[in-house]
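Input: a single structure, listed below in structure tokens.
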Amino acid sequence: MNPYIAAAIAEMDKVNVSKLEHPGSWAMDPSSCRFLAGFVRALGAKRIIEFGSGFSTLMMAREIAPQEDNFLLSIDDSPHYSAMAKEAFETSGCQAKVQFRLAPLRPRFYGLRLLLSYSLPEGLLEALGPFDLALIDAPHQDYCRESALYDVFRAVTPGGYIVLDDANRGDLDKGYAGSWQAAYGDAMDPMLLEGIGNGLNVIEKLEDVEPRYPKKGALSASFKTLRNFSRILLNPERASAEE
Ligand SMILES: C[S@@+](CC[C@H](N)C(=O)[O-])C[C@H]1O[C@@H](n2cnc3c(N)ncnc32)[C@H](O)[C@@H]1O
């Protein structure tokens, strides 16, 4: 087994997830949080990026806080939930350097695939990286999880990791894993941890390559994107996320 994953599994029982702090089903499952904290510890990660702010932000911030030059960039499309995550972090007293950033979800082409993607200034992630770890825990709906990996891959250091939460969902997240493998081939090494929480896909980035976005499924992915974008436009909570 990958030594960092083995170390994180050995460490996770020592990580406390307070029942008082854990906000419930929208947040990462407590055992996934424990693994994540253990994984940050095992990697000695200093620079982290996440898509989907919330309880995971606090769990990772606490782990990097003792490291010099630590930084966590936490991206969300919802002004409400981003503000809630920021408040929880600020009232925790954790001293890590965390930047909360709002980014609306907008359709964008990845090859022939029209996908919803966090709308961020061009080159921002590369400028703020390289990151040792990226967590993808974006909204549960089929919104922007596939594109998050395409957006962040270049900003993750070779030998760094990308973790996808809820990886056991056969119809959605396992589908993204197939598209990612098609796009990056041997430049990444995914390991599915089905027994932790709702499944975690822990992907090691091995090298920088240009993605070859798969044509397979592009039409249906694009139709879903248009449907989901219309839902977002009708949802005032998610439609207005401009900074
Ligand atoms: C799967 S949640 C996870 C967020 C974060 N990683 C965590 O562990 O708490 C993903 C998205 O759900 C939204 N969200 C957070 N709390 C929510 C709630 N109570 N109800 C509805 N959506 C929520 C946020 O916009 C967030 O990006």
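All ligand and atom numbering here is 1-based and tracks the order in the structure.
- Polar contact check, Ser56 against ligand 1: a nitrogen or oxygen pair lies under 3.5 Å apart.
- Contact atoms of ligand 1 toward Ala138: 1 (C), 10 (C) (distance under 4.0 Å to a heavy atom of the residue).
- Between the side chains of Glu50 and Thr57, at least one donor N or O lies within less than 3.5 Å of an accepting N or O.
- Only the backbone of Ser53 comes within 4.0 Å of ligand 1, judged by heavy-atom distances.
- Set against the non-hydrogen atoms of Ser78, the atoms of ligand 1 under 4.0 Å away are 25 (O).
- For ligand 1, the atoms lying closer than 4.0 Å to a non-hydrogen atom of Gly54 are 5 (C), 7 (C), 9 (O).
- When only modelled atom types and interatomic distance are considered, Ser78 and Asp76 share no side-chain donor-acceptor pair under 3.5 Å.
- Hydrophobic clustering (side-chain heavy atoms under 4.5 Å, transitive across Ile, Leu, Val, Met, Phe, Trp, Tyr) keeps Leu112 apart from Leu116.
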*asked:* Checking Arg108 against Asp151 for the salt bridge (charged side-chain N to carboxylate O under 4.0 Å, His left out) test, could you report, in this order, the C-alpha distance in whole Å, the side-chain angles of both residues, the deciding distance, and whether it holds?
replied: CA-CA 11 Å; Arg108 181 177 153 193; Asp151 290 340; 3.2 Å; yes

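- Looking at ligand 1, you'll find an N or O of Met28 within less than 3.5 Å of one of its N or O atoms.
- Taking the six-membered ring for Trp and thresholds of 30 and 60 degrees, Phe71 and Phe131 have nearly parallel ring planes, at less than 30 degrees apart.
- With a 4.0 Å cut-off on non-hydrogen atoms, Ala27 touches ligand 1 through its backbone as well as its side chain.
- The N/O atoms of Asp137, backbone and side chain alike, include one that comes under 3.5 Å of an N/O atom in ligand 1.
- Using a 3.5 Å distance cut-off with no hydrogens or angles, the side chains of Tyr184 and Asp189 do not pair a donor with an acceptor.
- The distance criterion of under 3.5 Å between nitrogen or oxygen atoms is not met by Glu50 with respect to ligand 1.
- The pair Glu11-Arg34 fails the salt-bridge criterion, with no side-chain N (NZ, NE, NH1 or NH2) lying under 4.0 Å from an Asp/Glu carboxylate O.
- Close contacts of ligand 1 with Phe55, meaning ligand atoms under 4.0 Å from a residue heavy atom, involve 7 (C), 8 (O), 9 (O).
- Of the N or O atoms in Tyr81, one or more lie within a sub-3.5 Å distance of an N or O in ligand 1.
- A single hydrophobic cluster is seen to contain both Phe35 and Met191, as judged by linkage of ILVMFWY side chains at heavy-atom distances under 4.5 Å, directly or through other members.
- The heavy atom nearest to atom 23 (C) of ligand 1, considering only Tyr118, Phe51, Trp26, is found in Trp26.
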